[in-house]
Amino acid sequence: MQTVFENQIIAAGLSPDDKLLVAVSGGVDSVVLLHLLSACTARFGLCLSVAHLDHRIRPESAADAGFVQQFCTTLDLPCIVESCDVSGLAHAKAISLEMAGREARREFLLRSSERIGARLIALGHHRDDQVETFLLRLLRGSGVAGLSAMRTCNGRWWRPLLEFSREDIVTYARQH
């Protein structure tokens, strides 16, 4: 997995001292992403920062934020943590909780990346997410353009785990 992941770094054109913001929810996908990137910092000279948004939807969300902060302390990485009332946002905008969460995360990540001067924002999407995204778009009746899959690199958004399945990621987490 490490070699394929390193090829993703090369394909993204990351160079020494590039600043990279890593979105970490505290779930296995984003934690593995952060672990892999951290393991590559010496070889590639990457400058990592982490961003975590507490959606305040679940009672344990504050504990997730604490876990991410502690993991970043262990890795000696800066961590930006913010909190957002996603339920209130959804109600105020009359949109779904999922859509409100997506909007809040996107705005937070873009603002955080600007603040630190990050070239890319790394996201923990994997191959299984890719299939789910395609099927949801198909069910919504998207046209041909809407049925396209997520791209590994789309502007500032970088998804280096798209070549890996959820099973690959869980296996890596168990090994490390």
Side-chain angles (χ1 to χ4, degrees), residues 1-53 55 68 71-72 75 77-82 98-140 142-173 176:
M1 186 168 182
Q2 186 74 34
T3 303
V4 174
F5 187 79
E6 288 177 1
N7 288 337
Q8 289 296 330
I9 292 172
I10 293 165
L14 291 170
S15 57
D17 299 321
D18 269 344
K19 292 181 180 175
L20 183 64
L21 183 67
V22 186
V24 179
S25 67
V28 69
D29 306 334
S30 61
V31 169
V32 164
L33 172 64
L34 181 57
H35 189 269
L36 283 162
L37 284 166
S38 179
C40 293
T41 55
R43 177 168 180 220
F44 292 96
L46 303 174
C47 182
L48 304 178
S49 292
V50 174
H52 173 85
L53 182 65
H55 292 73
V68 171
F71 191 47
C72 290
L75 297 173
L77 294 173
C79 183
I80 303 165
V81 175
E82 285 187 16
E98 183 179 304
M99 183 60 75
R102 188 177 299 120
E103 285 182 14
R105 271 191 313 276
R106 180 176 176 83
E107 186 274 328
F108 165 67
L109 292 171
L110 287 170
R111 184 170 24 84
S112 298
S113 70
E114 287 294 326
R115 188 168 105 195
I116 65 167
R119 186 173 149 236
L120 293 174
I121 301 167
L123 305 169
H125 297 119
H126 50 78
R127 185 184 316 143
D128 298 8
D129 294 325
Q130 187 79 294
V131 171
E132 180 182 314
T133 298
F134 177 82
L135 290 174
L136 286 172
R137 289 176 180 172
L138 181 66
L139 290 172
R140 281 189 212 137
S142 291
V144 175
L147 289 178
S148 64
M150 288 184 281
R151 294 189 317 212
T152 302
C153 206
N154 185 11
R156 298 180 69 178
W157 307 101
W158 181 46
R159 299 172 179 90
L161 297 179
L162 281 182
E163 290 193 34
F164 303 102
S165 68
R166 170 84 172 167
E167 183 179 337
D168 296 333
I169 291 166
V170 170
T171 299
Y172 178 92
H176 294 88

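Starting from 1, each residue takes its place in the sequence as its number.
Separation of atoms CD (Q2) and OH (Y172) is listed at 5.5 Å; rounding is to 0.5 Å. Here L110 contributes atom CG and R105 contributes atom CZ; the two are 12.5 Å apart, rounded to the nearest 0.5 Å. The CD1 atom of I9 sits 6.5 Å away from atom CG of L14, with the distance rounded to the nearest 0.5 Å. Atom CG of L34 is separated from atom CG of L75 by 5.5 Å, given to the nearest 0.5 angstrom.
Taking each heavy atom of G155 and L120 in turn, the nearest pair found is O-CD2, 3.7 Å. Residues A51 and L109 approach most closely at CB-CD2, 3.7 Å, considering heavy atoms. Taking each heavy atom of V28 and A173 in turn, the nearest pair found is CG2-CB, 3.6 Å. Summarising the geometry of R156 relative to S113, their closest heavy-atom pair is NH2-OG, 2.7 Å, with the distance given to 0.1 Å. The nearest pair of heavy atoms linking L21 to I116 is CD1-CD1, 3.9 Å. Residues C79 and V68 approach most closely at SG-CG1, 4.0 Å, considering heavy atoms.
More than 12 heavy atoms of other residues, nucleotides or ligands sit less than 6.0 Å from atom CD of E82.
No side-chain donor-acceptor contact under 3.5 Å links R159 to the backbone of N154. Of the possible donor and acceptor atoms, none in the side chain of H126 sits under 3.5 Å from a partner among the backbone N and O of G124. In this structure a side-chain-to-backbone donor-acceptor pair under 3.5 Å is missing from H52 to V81.
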| query | Can you check side-chain contact (heavy atoms from CB on, under 4.5 Å) on L162 and H125, steps first, answer last? | reply | CA-CA 6 Å; L162 281 182; H125 297 119; 4.1 Å; yes
| said: Walk me through whether V32 and F164 qualify under side-chain contact (heavy atoms from CB on, under 4.5 Å). | reply: CA-CA 11 Å; V32 164; F164 303 102; over 6 Å; no
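Using bins of under 30°, 30° to 60° and over 60° for the plane-to-plane angle, the ring pair H35/F71 lands in the parallel bin.
Counting only residues at least two apart or in different chains, side chain to side chain donor-acceptor pair (under 3.5 Å) contacts with residues 7-17 comprise Q8-E163, S15-D18.
F108 is linked by a ring pair (Phe, Tyr, Trp, His ring centres under 6.0 Å) to nothing, counting only residues two or more places apart in sequence or in another chain.
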Give every donor-acceptor pair under 3.5 Å between a side-chain atom in residues 36-50 and any protein atom, sequence neighbours left out.
unit_1: T41; atom_1: OG1; unit_2: S38; atom_2: O; d: 2.9
unit_1: R43; atom_1: NH1; unit_2: E6; atom_2: OE1; d: 2.4

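D168 and S165 share a side-chain donor-acceptor pair at under 3.5 Å.
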